[in-house]
Amino acid sequence: MAITLSHCNYYHHHQHSLASRKVPTTTRFNDSKSKQDSTAASAVVNNNLKKSRTLQTSILRTHIDSGHLRDAISLFEKINHSDAYTWNLMIRGFVNNGFFWEAISFYRRMGSEGVPADNFTYPFVIKACGASFSLEEGEKVHGKLFKIGLDSDICVCNSLISMYCKLGFVQCAEKVFEEMLVKDLVSWNSLISGYVTVGDGRSSLARFLEMQMLGIKPDRFTMISSINACSIECLIRNGKEIHSQVVKCGFELDIMIQTSLLDMYSKCGRVDLAERLFHEISPRNVVAWNAMIGGYVLNSRPLDSLACLRKMKKDDNLNPDVITLINLLPSCAQLGAFLVGKSIHGYAIRKGFLPHIFLETALIDVYGAFGKPKLAEYIFDRMAEKGLVTWNSMIATFAQNGWNKEALKLFQELLNKPLIPDAITMASVVPAYSEVSSLREGKQIHGYISKSEHNKNSYILNSLVYMYAKCGELQTAREIFDEIPRRDVSSWNTIIMAYAIHGFGKESIELFSKMRDQSIEPNYNTFVSLLTSCSISGMVDEGWKFYNSMKTDYNIDCGIEHYGCILDLLGRAGDLDRAKSFIKTMPIAATARIWGSLLTASKNHRNIELAELVAEHIFRVEHDNTGCYVLLSNLYAEVGRWDDVERIKSLMEQRGLDKTVGCSIVETKYKTHRFINDDRSHIQTDMIYHVLGILLRKIEENRSTHCSITKFRPIDLKNKRSKCSDYHSVRLATCFGLISTKVGSPVVVRKNTRVCKDCHGAIKKISVITKREIIVGDSKVFHHFRDGNCSCRDYW
DNA sequence: CTAGGGTTAG
């Protein structure tokens with residue numbers, strides 16, 4: 001294996017696997033290039049075998065400094081290595097090249113060969129312990145330091161401070177720091193940056209102040225760490241102060257400081273200030289570009305982010321590195337630019353960037369965002385090494401793409417691994433519970449979370465809010481939202497979306513202004529929630545208002561989701577021509593979802609020509625889009641083109657596609673009850689049909705008293721679908737809900753496809769007859785039926 | 001031959 005820069009980067013993330021593979025150290029550093037070197041080196045060694053040890057060690061040092069570890073090892077074994085100096089060289093070589101376990105093993109071997117480690121050895125060994133997350137070894141080393149009296153060495157103690165912070169034991173680091181008799185600037189810097197590594201920016205800044213109070217002047221290292229402290233805490237005021245301090249002290253030409261400042265501004269949402277700084281940097285390096293690209297991504301400006309790819313080559317003649325690609329992928333996701341994403345993947349392969357755990361995880365995310373869980377799974381299954389974040393991404397990808405069973409299965413698998421699920425894991429599985437398993441199991445997860453350390457975590461509480469909303473319990477969702485201790489922008493996005501999917505558009509907009517009152521800045525997803533709400537509730541004017549303001553007032557680029565909502569709005573207004581031209585003017589490629597929106601609109605307005613045209617577009621992207629076939633065939637049925645209905649039906653059969661079986665579910669305390677159309681499998685079938693019969697008769701009576709007789713349509717005779725619509729799954733489920741739940745409580749039914757017109761009408765009447773609130777959640781919206789009215793105001 | 005720094009996945 002060549003020890004090149006890119007490989008070191010790889011090994012940096014793969015130290016665990018490297019150590020666990022137990023490859024003999026000497027065979028691990030083979031490469032063709034260093035074979036030549038080694039031949040040359042052996043010759044040198046043989047010729048100089050009797051020459052002074054100074055020469056031998058200086059050759060060893062040359063190997064180490066040039067990264068030729070294999071040569072270094074073979075030379076090391078040949079020469080006399082009874083002094084600490086030679087060992088220290090080797091250990092330094094390993095540490096500087098990311099071979100932390102090798103460094104530790106050499107340190108152990110050094111002890112067993114009777115060479116005492118000295119004050120130069122320990123800083124390296126301690127660094128290796130921190131970097132390889134080996135707490136056990138680190139503590140052993142610390143204990144040893146007392147015995148040999150090195151526990152007061154300033155360099156050693158400074159290393160200990162960083163090590164403990166890297167391992168997450170800040171208190172230990174603080175203890176070492178406090179007990180130091182003599183501290184220098186590095187001691188302070190180690191602690192200040194240590195707080196940042198554990199995510200405690202506030203303590204970091206407190207120490208930064210404390211240090212200056214004591215009259216110690218910060219240097220560029222102090223500055224960089226404090227700036228990072230500001231960015232992780234979003235403390236832009238403190239960041240600006242440090243910025244001016246930096247300028248005053250004359251640090252301003254330092255590209256690292258400039259890059260941290262740039263990053264701080266973009267993390268605080270001030271991408272404009274980040275940009276200004278970026279333009280001041282000269283010459284710029286890849287890191288600065290990466291930070292800028294990341295800033296654009298973070299601030300929902302994917303177009304600007306992608307534009308950097310050309311600019312960095314054109315302006316500064318720089319090529320993207322792994323991190324550039326990792327930062328670019330989410331902007332592809334934001335834009336729905338599948339082909340760009342794929343080409344980045346291809347570029348990574350050609351450049352030899354893979355395998356790389358961060359990049360692969362980012363690819364899983366982006367394929368997940370593109371709605372390609374299979375591609376994501378392909379990457380996941382073949383990864384050499386997976387971290388918790390990788391698992392989280394895969395679980396989230398499954399869940400977000402409706403592969404809920406897969407998500408839950410993966411979660412179970414994760415529980416059997418040595419990795420411990422974290423807040424993100426919980427937040428990723430909760431939605432899967434809401435979709436597949438039901439409210440009952442969702443409540444279990446809720447109970448589990450309440451008792452866990454995550455019970456105040458807004459990220460998880462957000463996902464519970466959404467879960468309850470998805471399960472039909474908007475009230476519970478609201479209660480949890482109200483109790484989130486620190487509501488972030490996602491909390492608001494979630495509750496706005498919760499009201500959106502229940503069809504309460506007005507409330508969504510009210511929540512948005514409440515959020516603005518609390519000075520929470522809206523982001524990309526805020527507008528996804530808002531526009532979704534407008535489209536579901538048919539608030540056309542408001543929708544356009546938000547669409548325009550997101551660009552002009554908030555400088556947020558439109559993504560595919562926003563375009564989809566606008567299309568829904570246009571479609572709902574029946575403005576099919578405008579919808580068609582809107583797709584053409586979109587700066588990003590239309591997805592099947594986008595075309596689907598137009599297809600629904602053409603179907604609703606019975607425009608067969610357009611529907612056929614749109615269907616062609618969809619099949620070009622997704623030849624197996626079942627929904628498209630079904631919609632088309634329903635449209636043909638509506639206008640009585642039965643030959644075409646048959647044609648589509650046989651086309652689907654040919655391609656092995658099954659129509660999604662519409663099913664409705666009702667949950668009771670112990671069980672989820674499923675119903676399909678004309679279902680007779682339920683244990684209480686007789687009762688259900690009996691009750692439904694009574695209700696249907698009542699509906700008929702009411703209709704003939706104050707309604708005109710239904711129009712006779714010859715189509716109905718031919719349409720097999722309407723023949724048995726009295727026993728559609730929704731009605732069966734509703735009836736079961738009525739007889740199996742407490743009187744006075746709402747009946748909650750959920751359905752995986754849209755609810756049909758007949759059922760919608762019937763349930764309105766049932767809500768009058770039974771005086772019960774009935775909530776029917778279909779694949780798009782929750783209908784709240786009460787006193788003969790529906791919250792959707794009959795548009796869905 | 002000595003410790004301390006920037007960009008990265010949810």
Side-chain angles (χ1 to χ4, degrees), chain A residues 9 12-13 57-58 60-61 64-65 83-93 95-96 118-127 130 150 153-163 165 184-194 196-197 218-228 231 254-264 266-267 281 285-295 297 321-330 356-366 368 386-397 421-428 459:
Chain A
N9 195 12
H12 179 68
H13 306 305
T57 41
S58 79
L60 183 65
R61 205 185 140 186
I64 296 281
D65 289 342
D83 60 337
Y85 175 70
T86 321
W87 287 93
N88 292 349
L89 268 182
M90 291 305 294
I91 294 171
R92 183 185 62 137
V95 170
N96 289 347
D118 61 15
N119 55 324
F120 293 112
T121 320
Y122 280 104
F124 291 124
V125 175
I126 293 167
K127 187 179 181 179
L150 272 177
D153 183 284
I154 194 161
C155 288
V156 170
C157 287
N158 291 343
S159 319
L160 282 172
I161 293 171
S162 326
M163 181 196 77
C165 289
D184 66 0
L185 183 54
V186 179
S187 317
W188 286 94
N189 287 346
S190 304
L191 192 61
I192 289 169
S193 92
V196 175
T197 59
D219 68 356
R220 48 192 290 276
F221 293 100
T222 330
M223 291 305 187
I224 290 169
S225 298
S226 330
I227 295 165
N228 286 335
S231 53
D254 189 310
I255 189 166
M256 288 184 185
I257 296 186
Q258 286 173 306
T259 309
S260 343
L261 283 168
L262 188 166
D263 183 55
M264 185 270 297
S266 60
K267 293 235 164 80
I281 302 177
N285 58 16
V286 189
V287 179
W289 279 97
N290 289 347
M292 195 63 242
I293 291 171
V297 172
D321 66 3
V322 183
I323 295 169
T324 319
L325 305 188
I326 292 170
N327 279 338
L328 284 171
L329 286 171
H356 185 290
I357 192 168
F358 280 32
L359 182 54
E360 286 163 312
T361 305
L363 283 165
I364 290 173
D365 285 329
V366 79
K386 302 178 186 106
L388 179 61
V389 180
T390 318
W391 285 83
N392 289 348
S393 292
M394 198 62 237
I395 291 171
T397 289
D422 67 358
I424 311 281
T425 323
M426 306 311 301
S428 305
Y459 199 103

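Residue numbering restarts at 1 for every chain, and letters A, B, ... go by the order of the sequence lines. Computed from a prediction, not measured in an experiment: that's the story for all the values here.
Among the protein residues, D321(A) comes within range of no part of the nucleic acid, since none of its heavy atoms lies under 4.0 Å from any strand. Among the protein residues, F124(A) comes within range of the sugar-phosphate backbone only, with heavy atoms under 4.0 Å from sugar or phosphate atoms but none that close to a base. Within 4.0 Å (heavy atoms only), D365(A) reaches sugar-phosphate atoms of the nucleic acid but no base atom.
In the set dT7(B), dG10(B), dG4(B), dG10(B) carries the atom at the smallest distance from any side-chain atom of I424(A). Considering only the side chain of D184(A), dA3(B) comes nearest among dG4(B), dA3(B), dT2(B). Counting only heavy atoms from C-beta on, N327(A) has its side chain closest to dT8(B) among dG6(B), dT8(B), dG10(B). In the set dG10(B), dG6(B), dA3(B), dA3(B) carries the atom at the smallest distance from any side-chain atom of I154(A). Side-chain atoms of C155(A) lie closest to dA3(B) of the nucleotides dA3(B), dA9(B), dG4(B). Relative to the side chain of N290(A), the nucleotides dG10(B), dT7(B), dC1(B) differ in distance, and dT7(B) lies closest. Looking at the side chain of I323(A), the nearest of the listed nucleotides dG4(B), dT8(B), dG10(B) is dT8(B).
We find the CD1-CG distance between I326(A) and L363(A) to be 8.5 Å, quoted to the nearest 0.5 Å.
When the C1' atom of dA9(B) is taken as reference, atom CD1 of I326(A) falls 7 Å away, rounded to whole Å. Between L185(A) atom CG and dG4(B) atom P there is a gap of 13 Å when expressed in whole angstrom units. At whole-Å resolution of the value, CZ in F358(A) and P in dA9(B) are 7 Å apart. Rounded to whole Å, atom P of dT7(B) lies 15 Å from atom CD of Q258(A). Taking atom CG of residue D263(A) and atom P of nucleotide dT7(B), one finds them 6 Å apart after rounding to whole Å. Between D118(A) atom CG and dT2(B) atom P there is a gap of 12 Å when expressed in whole angstrom units. Rounded to an integer number of Å, the gap from L388(A) CG to dA9(B) P is 15 Å. Between Y85(A) atom OH and dC1(B) atom C1' the separation is 6 Å, expressed in whole Å.
Between K267(A) and dG6(B) there is no side-chain N or O to OP1 or OP2 distance below 4.0 Å. Contact annotation: N228(A) side-chain N/O to dG6(B) OP1/OP2 distance is under 4.0 Å. Taking only side-chain nitrogens and oxygens, N158(A) never comes nearer than 4.0 Å to OP1 or OP2 of dT2(B).
When the side chain to side chain donor-acceptor pair (under 3.5 Å) test is applied to D365(A), the partners found at least two apart in sequence or on another chain are S393(A). For N119(A), the side chain to side chain donor-acceptor pair (under 3.5 Å) criterion is met by no residue, not counting sequence neighbours.
Side chains of D118(A) and T121(A): a donor-acceptor N/O pair is present below 3.5 angstrom, by distance only. Judged by distance alone, the side chains of S260(A) and D263(A) never bring a donor and an acceptor atom under 3.5 Å apart.
For the side-chain contact (heavy atoms from CB on, under 4.5 Å) test with R92(A), the passing option among L89(A), V95(A), N88(A) is L89(A); the others fail.
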